[in-house]
Amino acid sequence: MDAHGHDEPTQIFDNLDLDLIVKVLSHTAFSPFFTFFIPIMYRAQGAEWSSSIIRTSLGWFFFTFALWFAGFVERIYKNNGSLLFRGERCDWGEQIVLITGGSSGVGALLANTLALRNVTVVVLDVVPIVTENYNINFYECDVSNWEAVSAVHQKIVDEVGHPTIIINNAGIVHGKSLLDLAPKDIERTFNVNVLGYFWILKAFLPELLKQKSGHIVTVGSVLGLLGIPSLSDYCASKAAVINLHETLRYELDTKYRTPNIRTTLLMPGHIETEMFSGIKMPESFLNKFVAPRLAPHTVVKAIIAALDDQESRTIRLPFYTHLVPWINLSPSYIQDFFHWFSGSNDSMTDFTKRNISAGEELSTSSGKEE
């Protein structure tokens with residue numbers, strides 16, 4: 001309300017961003033199921049088939065159909081599907097979902113969301129998850145320690161069963177510059193963010209190979225493709241897990257001959273969670289328009305959609321993350337402009353001071369920065 005007690009008008013641009021526009025266009029101007037009717041509409045209004053307006057609209061329809069069909073074929077090829085029949089959807093009653101770093105952030109929201117579907121969930125973390133869902137099973141485990149992972153693996157198998165879906169999600173961030181990072185900081189980052197992923201796979205993957213089915217979700221970050229000041233260890237660790245995901249996919253296809261074990265890579269930008277809550281983000285409308293912050297439920301929804309459809313996917317959110325690989329191939333002045341525009345060069349300044357002064361190490365399962 002304003003100073004006079006009147007309700008302030010709703011700001012219609014508050015939720016307007018590039019992702020919303022892309023979503024609308026993908027269902028209209030770039031959808032063959034929409035553009036198919038445009039030349040028919042003009043014909044119904046009396047335009048001749050030989051007229052330029054109908055020829056143009058027909059050309060645009062074939063263009064959008066080609067784009068859609070290319071994506072459709074890629075999706076079918078990637079998942080060994082059929083051109084005529086939709087693949088089977090996930091039977092959640094048969095699933096046991098393992099989530100590392102599942103006590104906070106996106107991990108906790110994902111665990112609770114799946115539990116509401118009566119899915120059996122196993123959470124591994126160093127702190128307990130706060131939940132009232134009876135079908136969430138918490139096990140205290142430092143995933144950076146192979147002996148701890150090996151021991152908890154046997155305990156989970158004995159008490160709950162073999163997990164059928166593995167979500168490698170644990171992660172930490174220090175937010176220090178390269179020279180300010182102590183050797184133990186660097187070791188801890190790679191032990192949790194990288195080696196922890198390896199240990200989980202070494203412990204739980206053999207049963208998936210035996211069953212020749214399952215789903216492995218790797219939580220990466222668009223920062224695995226970028227370099228950001230004061231995040232050298234974090235960026236390097238995310239680059240490592242991105243390549244771990246790619247290597248795992250090819251091993252499953254060519255070495256183990258188990259294409260029905262699906263693999264999904266999550267490549268998000270900045271998620272509004274505690275992990276990066278101290279980061280300084282530009283507040284201009286243009287920046288928020290191009291690079292909107294992600295709500296945790298948006299990320300969880302995308303993960304569950306991939307699990308529901310039993311499809312291997314690379315999830316890039318928000319839309320600008322699709323452009324990052326091309327930015328890396330562009331001239332250096334374009335890359336520098338991108339870093340300046342995103343504010344990434346100074347984004348960790350306050351974050352670093354806060355955590356160094358508090359002596360904290362943030363450990364969580366979510367926030368990724370653009």
Side-chain angles (χ1 to χ4, degrees), residues 99-115 121 123-133 136 138 140-144 167-176 181 185 188-189 191-194 196-197 217-224 228-235 237-238 241 266-283 288 291-304 315 317-318 321 342-344 346-370:
I99 306 175
T100 68
S103 291
S104 61
V106 169
L109 180 59
L110 179 60
N112 281 288
T113 302
L114 292 175
V121 179
V123 168
L124 299 186
D125 210 320
V126 293
V127 294
I129 181 174
V130 178
T131 182
E132 296 180 355
N133 289 305
I136 293 181
F138 171 77
E140 182 177 351
C141 179
D142 179 0
V143 295
S144 68
I167 300 177
N168 258 328
N169 183 56
I172 63 171
V173 61
H174 295 285
K176 301 177 183 179
L181 284 166
D185 294 334
R188 181 63 177 162
T189 297
N191 284 342
V192 174
N193 295 9
V194 182
Y197 286 35
V217 178
T218 300
V219 178
S221 169
V222 72
L223 285 184
I228 302 297
S230 298
L231 283 173
S232 56
D233 56 334
Y234 184 83
C235 293
S237 70
K238 289 305 173 182
V241 300
L266 179 64
M267 296 279 285
H270 177 56
I271 307 175
E272 294 182 317
T273 57
E274 180 64 24
M275 190 172 188
F276 279 100
S277 60
I279 198 170
K280 181 175 68 176
M281 300 291 292
E283 296 298 326
K288 290 182 177 180
R293 286 66 160 166
L294 288 172
H297 68 82
T298 301
V299 180
V300 168
K301 183 179 179 180
I303 295 173
I304 292 179
I315 302 172
L317 295 169
T321 58
S342 67
S344 61
D346 302 315
S347 61
M348 298 299 293
T349 303
D350 295 336
F351 181 92
T352 302
K353 291 179 180 179
R354 185 194 67 173
N355 287 295
I356 290 177
S357 63
E360 298 176 350
E361 171 183 87
L362 288 181
S363 176
T364 187
S365 59
S366 47
K368 303 292 176 285
E369 165 59 8
E370 37 123 51

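Here the structure is a predicted model, which means the values were calculated and not measured.
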If I compare all heavy atoms of Pro268 with all of Gly220, which pair ends up nearest, and what's the gap?
CD-O, 3.6 Å
Donor-acceptor check, side chain of Asn133 to backbone of Ala115, threshold 3.5 angstrom: yes or no?
no
Verdict with reasoning, Val143 to Asn168, per side-chain contact (heavy atoms from CB on, under 4.5 Å):
CA-CA 10 Å; Val143 295; Asn168 258 328; over 6 Å; no
Can you see which heavy atom on Gly102 is nearest to which on Ala111, and at what distance?
O-CB, 4.4 Å
Rounded to the nearest 0.5 Å, how far apart are CG of Leu181 and OG of Ser230?
8.5 Å
Counting C-beta onward and ignoring hydrogens, is there a side-chain heavy-atom pair between Asn193 and Val241 closer than 4.5 Å?
no
Output for pair (Ile228 CD1, Cys235 SG), nearest 0.5 Å, gives 5.5 Å
Check whether any side-chain N or O of Lys176 sits under 3.5 Å from a backbone N or O of Ser232 as a donor-acceptor pair, and report yes or no.
no
Looking at every heavy atom in both Gly269 and Pro318, which two are closest together, and how far apart are they?
N-CD, 3.9 Å
Closest approach of Ala170 to Gly101 (non-hydrogen atoms, all atoms of both residues):
CB-N, 3.8 Å
Which atom names give the shortest non-hydrogen contact between Asp125 and Phe138, and what distance separates them?
O-CZ, 3.6 Å
Could you grab the distance from atom CD1 of Ile304 to atom OG1 of Thr113, nearest 0.5 Å is fine?
5.0 Å
Got more than 12 heavy atoms from elsewhere within 6.0 Å of CD, Glu132?
no
Value for CG (Leu294) from NE2 (His270), rounded to nearest 0.5 Å, stands at 8.5 Å
d(Thr298 OG1, Ile303 CD1) to nearest 0.5 Å is 11.0 Å
What pair of heavy atoms forms the shortest contact from Ala108 to Ser103, and how long is it?
CB-C, 3.6 Å
Which one of Leu110, Thr273, Leu266, Val219 satisfies the side-chain contact (heavy atoms from CB on, under 4.5 Å) criterion with Val299?
Leu266
One should read off an interatomic distance between Thr321 OG1 and Met267 CE, to the nearest 0.5 angstrom, of 7.5 Å
Quick check on side-chain contact (heavy atoms from CB on, under 4.5 Å): which of Ile172, Leu231, Val173, Val194 does Thr189 satisfy it with?
Ile172
Donor-acceptor under 3.5 Å (Ser144 side chain, Gly196 main chain)
no
